[in-house]
Amino acid sequence: MNRFALLTFYRSLVRHKLYAALNIGGLAVGIAVFLVLGLYVRFETSWEHWLPNYGHVYLVETRDGDTTSGIPNQNSPIAFWSAVEKDLPGSVGSRLSSFNATVLQGGVGVSEKLGLVDADFPKLFEMPLVAGDFAGAFASPSNIVLTEHVARKYFGESAPIGKAMTVVFSGKQHAYRVAAVVKDLPKNTDIDSAMFARLTISEDKAADDYKSTHQWNYFNPQTYVRLPDDAARQRFADALPGIVARHAQSETIDNPGFSIKLSLQPIAAVHGEAAGERLAVATLGIVGVLTLLIAVVNYINLATARAGLRAREVAMRKVLGADRGTLARHYVGEAIATTAIAGFIGLVVAEIGLPLVNAAGGLALSIGYFGANGIVLPLVALVLIVGTVAGLYPAIMLARLPAAAVLASARSPGGGRAGTYVREALVVFQFAIAIAFIIGTIVLVGQTRHVRNADLGYHREGMMLVFSLGSQSLNNAQRDTLLHRFAAMPGITGATVGNNVPGGGTFTSETDVPIPGVQGKGPSIRFFETTPGFFDLMGAHLLAGRLFDTAHPADVNPNLDDKSGDGTKPYNAVINRTALASLHIPSPQAAIGRTFYGPNNPPRTIIGVIDDMRFDDPRVPIPPTLYDFQLRDPRQAVAILRYAGDPQTILDEARAVWRQEAPEVPFQAKTATQNLEAYYAHDDRSAKLFTIGAVLAVAIGCVGLWGLASFNTARRIKEIGIRKTLGASSADVVRLLVGQFLRPVLIANLFAWPLAFFAMRTWLAGFDDRIALSPLFFVAATVLAVAIAVLTVLAQSLRAARSTPAWALRHE
Amino acid sequence: MIRLENIQRRYASDEVETTALSDIDLHVAQGEFLAIMGPSGCGKSTLLNILGTVDRPSAGRYMFGDRDLARLDEAALARLRSETLGFVFQSFNLIDELTIQENVELGLAYRKDKSGDRRQRVAAAMDRVGISHRAKHYPHQLSGGQQQRAAIARAIVGDPSLILADEPTGNLDTENGAQVMNILESLNAEGATIIMVTHSPSHADAAQRRIDMLDGRIVASVARAI
């Protein structure tokens with residue numbers, strides 16, 4: 001662009017303020033949406049990138065022996081890495097076992113996340129050092145490494161290195177000395193421990209589960225391995241089946257047929273493996289791009305619609321000797337300059353909007369300007385690309401205007417019929433996306449509401465879960481006392497104990513149940529431990545038979561208390577509805593009285609069938625479940641309290657009781673709805689971000705439509721005058737003008753409906769518990785889009801329609 | 001300097017074909033002042049547009065000096081316009097967003113040779129038409145006569161050998177019209193070739209030769225008695 005181009009550009013902006021505002025405003029909002037969603041996508045795809053060697057670190061993932069599909073387990077057997085150390089000496093890797101540990105400070109316990117790791121851990125996770133010796137910290141089992149905020153919490157501003165610390169986990173006290181302090185971990189990491197200590201492995205069969213290498217079916221730790229290149233990765237992956245074959249069966253005490261499949265996952269690809277998360281992130285990225293495209297289309301539409309007004313200028317420039325190339329470059333330059341202004345404003349809008357987006361999505365996104373992740377260079381590139389894309393077609397169209405015809409004609413040319421078709425096609429494109437976005441928003445909001453309000457097979461409201469009851473620092477007598485005191489609290493209407501609760505269990509176990517007359521080891525059934533009052537308190541729906549009752553001694557599982565026995569004494573069981581199909585039972589009634597045996601299973605006779613209770617992720621199918629009945633507390637027990645009234649009051653009272661009975665154990669409790677929140681948070685966030693993007697995309701589309709309508713209406717004022725002179729009423733004229741814009745909006749549905757149908761069907765397919773894709777969503781979106789479009793163009797159409805014909809005829 | 005041989009110009013729309021010019025043979029000598037007259041719609045402006053290379057003939061030959069313009073591509077024609085031709089229109093066609101000075105300077109903007117004396121040439125051209133005192137004004141702040149003088153300044157700033165004027169006095173009152181004619185005559189006296197479309201017989205009298213057109217054809221060619 002030469003000086004004249006810049007001058008005309010600047011003065012044209014100042015002179016046609018409305019046009020400039022529409023164009024720049026639309027582009028700015030489009031760029032802001034693109035930037036914010038781009039930041040989100042970058043955040044979600046940058047997990048573990050803070051590690052200098054993230055490209056060489058892999059997580060060992062596991063799958064059950066005979067499954068290859070589904071989401072793999074990110075934990076692996078504790079014994080696995082010990083086997084690697086034996087079979088592949090020199091391998092660099094580390095386990096990471098996470099514990100809800102308790103730091104004892106002045107007799108009061110404070111809960112902290114502790115990670116137990118192997119000595120090589122610092123070679124994989126090169127955490128930025130604040131003080132001490134991180135690299136050699138895990139040479140001694142009495143060393144502990146703290147993150148900065150934990151160090152400050154317990155030692156204030158004084159130097160923590162060498163100081164003593166008492167940490168309780170797995171029911172035992174451990175004395176540590178602080179060896180190093182590392183920086184707090186960034187947000188984009190799955191490592192949630194704030195303290196790290198050495199994992200001491202024991203080959204003793206009587207050792208605790210977490211450290212015993214005789215446990216291939218104890219899945220607590222994550223196992224990470226560092227592999228320098230692809231060849232090493234391949235060699236390691238090839239060696240995995242052999243390691244399992246040599247060790248797994250012979251080293252697993254109570255499950256002789258045990259087998260698993262191991263695989264390697266690059267550490268940066270671990271996050272978002274859960275069903276639907278990647279899809280959600282990709283979708284939001286696409287929303288960002290499409291919103292920007294809608295803004296680009298606005299520019300193209302307004303620029304080509306206005307081209308007629310610039311025709312004389314173009315013709316004059318041609319007469320003065322400008323060729324097409326020069327003119328095209330000139331107008332592309334204008335588009336880039338416009339986009340540059342919009343880019344700057346968009347950046348400001350993004351900065352202003354980011355706190356709101358962070359609040360809505362529970363995020364901590366921020367804009368960095370310079371450096372490796374700086375936004376300046378990408379933004380400049382974006383401005384050049386968007387400016388060129390937006391400016392190219394109008395520039396070519398302007399440059400091709402026939403100078404002689406323009407100069408000879410009294411009226412400005414309108415860009416011809418082809419130009420009108422192109423604009424209409426672009427409006428169709430904009431509204432196809434907008435309507436698809438509206439449908440998407442309706443479905444997303446509908447589904448996220450559904451999972452929060454759906455009948456889960458139990459009453460989720462008014463339920464308090466006290467997780468700290470399962471602490472190994474407590475004995476059974478203390479647990480009984482606590483439960484009795486909880487039950488006696490005002491507002492509490494019921495109290496029981498379980499280890500599978502809404503929001504996920506603290507202990508899950510599955511067992512194969514062979515079906516009589518059917519080959520094979522039978523379906524894998526989840527195994528729930530319940531205690532008296534569990535079903536009543538949940539509000540479970542009985543489908544057939546009866547629930548457990550202490551009056552029936554045969555209901556109680558005798559094997560748990562029978563340490564001397566072989567674990568095969570018969571007892572009664574309750575199953576859920578899903579288990580019927582797995583066990584080949586045609587109806588709930590037919591299940592009653594059926595007994596299932598197995599080589600390693602006690603005979604279980606079904607006395608009752610309950611409707612499914614969804615404790616887990618709405619994305620995951622409810623597993624076939626078998627409930628047993630026991631009188632003592634289950635492993636890793638959770639107190640389940642039914643309450644009426646304000647949850648905070650109940651929580652405060654329960655904490656007060658806890659402090660009196662077990663001050664050394666940190667109190668941990670949540671309501672059931674809070675505990676379920678983890679399953680909904682990610683989808684809620686996606687839905688909110690999607691909605692924000694969609695609303696702004698529709699708004700940008702409307703701004704464009706409004707601009708287009710105002711130019712078109714202005715162009716047709718004389719025509720309106722002629723029509724009115726010939727007897728057209730104002731209503732006829734409004735119908736004519738509104739209809740002109742309604743047509744592309746209606747055509748847009750032809751594209752939007754199938755697009756939204758396939759996209760939303762794919763997204764909903766990720767949920768086991770999902771809403772139906774109702775045709776009403778589509779109709780509602782169309783009605784909304786049409787209403788928005790009509791309202792957008794109605795005011796101008798009315799004004800034009802009401803003008804007196806005499807004025808309109810003189811108008812040029 | 002200019003030789004048109006059997007020039008045709010037809011416009012084709014979906015249903016009808018209109019002939020705007022037919023069988024135009026015209027020779028214009030270097031330094032000549034030629035006036036074109038005729039009723040509305042007779043093809044005067046079309047002929048001027050073809051002469052100015054902003055329109056191409058449907059048939060026939062257009063020799064500009066020793067160059068056959070049919071053989072030149074769009075970019076070469078644009079260069080020819082920027083270096084050799086100057087245009088003056090009835091409706092001035094000044095660019096609203098630029099000041100008078102900038103509009104005049106625009107006459108040099110698309111030239112390949114970016115000579116350093118631009119400012120002087122712009123000043124000289126504005127001086128030549130007596131518009132220097134309005135240099136910093138925008139077109140809408142000027143009277144019609146002033147705007148047309150500015151348009152002439154823009155046409156002559158590049159020192160063209162051919163000036164094409166399409167009813168340059170059509171939108172002006174008598175006094176302003178006379179001023180514009182004076183400028184054109186003195187430019188011609190200094191050696192510029194001028195071809196002017198006009199409705200005014202008295203202004204046509206300023207030219208050395210007049211051609212009359214009717215229905216796309218030249219029907220008469222009258223040399224002024226000296």
Side-chain angles (χ1 to χ4, degrees), chain A residues 1-17 19-20 306-331 333-334 337-338 396 398-413 416-418 812, chain B residues 9 11 14 20 41 43-56 73-99 101-112 114 118 138 140 151 154-155 157-158 160 164 166:
Chain A
M1 281 176 102
N2 59 25
R3 189 165 63 90
F4 291 108
L6 273 175
L7 269 178
T8 30
F9 169 66
Y10 166 72
R11 288 180 191 151
S12 157
L13 284 186
V14 174
R15 227 168 77 121
H16 306 285
K17 288 190 184 72
Y19 168 74
R306 268 187 91 252
L309 302 181
R310 304 190 66 174
R312 259 169 218 288
E313 173 203 323
V314 173
M316 203 54 231
R317 287 182 190 277
K318 281 193 165 183
V319 163
L320 290 171
D323 57 28
R324 278 185 201 174
T326 312
L327 286 173
R329 277 195 299 280
H330 173 131
Y331 293 114
E334 274 193 6
T338 307
I396 290 171
L398 277 168
R400 284 175 59 181
L401 282 178
V406 170
L407 293 170
S409 154
R411 291 194 64 185
S412 328
R417 209 178 298 168
E812 196 55 71
Chain B
R9 183 66 177 104
Y11 294 106
D14 289 344
K44 305 184 297 290
S45 292
T46 306
L47 177 59
L48 202 70
N49 283 336
I50 286 176
L51 285 165
T53 77
V54 293
D55 197 2
R56 279 182 188 264
D73 63 8
E74 213 259 339
L77 289 178
R79 197 156 59 243
L80 176 81
R81 287 197 292 274
S82 72
E83 286 165 3
T84 323
L85 305 185
F87 283 84
V88 180
F89 298 95
Q90 177 179 1
S91 52
F92 324 137
N93 285 329
L94 296 168
I95 291 174
D96 295 339
E97 279 81 16
L98 297 179
T99 63
Q101 182 175 3
E102 288 157 358
N103 262 293
V104 173
E105 199 177 341
L106 198 61
L108 297 170
Y110 298 104
R111 296 178 75 126
K112 295 289 173 223
K114 304 280 182 193
R118 229 179 226 213
Y138 288 93
H140 66 269
R154 181 179 62 187
V157 69
L164 299 161
D166 191 357

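Quick note on labels: first sequence line is chain A, next is B, and so on, each numbered from 1.
Of the atoms belonging to B:L106, heavy atoms from both backbone and side chain fall under 4.5 Å from chain A. Interface remark: A:R324 contributes backbone and side-chain atoms alike to the contact with chain B (heavy atom separation under 4.5 Å). With a 4.5 Å cut-off on non-hydrogen atoms, B:Q90 does not touch chain A at all.
Side-chain atoms of A:R11 and B:T99, non-hydrogen and from C-beta on, do get closer than 4.5 Å to each other. In this structure, A:T8 and B:E102 have side chains that are not in contact, with every pair of non-hydrogen atoms separated by 4.5 Å or more.
A 6.0 Å sphere centred on OH of A:Y10 holds no more than 12 heavy atoms belonging to other residues, nucleotides or ligands. More than 12 heavy-atom neighbours from other residues, nucleotides or ligands sit within 6.0 angstrom of CZ on A:R15.
Between B:N93 atom CG and A:M316 atom CE the span is 6.0 Å, to the nearest 0.5 Å.
In this structure, B:S82 and A:G321 approach most closely via the heavy-atom pair CB-CA, 3.7 Å.
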Legend entry - Chi angles and distances behind the side-chain contact (heavy atoms from CB on, under 4.5 Å) call for A:V319, B:R154: CA-CA 11 Å; A:V319 163; B:R154 181 179 62 187; over 6 Å; no
Inset, instruction - Please assess A:R317 against B:I95 for the test side-chain contact (heavy atoms from CB on, under 4.5 Å), listing each intermediate value before the final yes or no. - result: CA-CA 9 Å; A:R317 287 182 190 277; B:I95 291 174; 4.2 Å; yes
Inset, instruction - Begin with the C-alpha distance, continue with both residues' side-chain angles, and end with the deciding distance and a verdict on side-chain contact (heavy atoms from CB on, under 4.5 Å) for B:V54 and A:K318. - result: CA-CA 8 Å; B:V54 293; A:K318 281 193 165 183; 5.6 Å; no
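Most heavy-atom pairs under 4.5 Å with chain A, from the set B:A76, B:A78, B:G158: that is B:A78.
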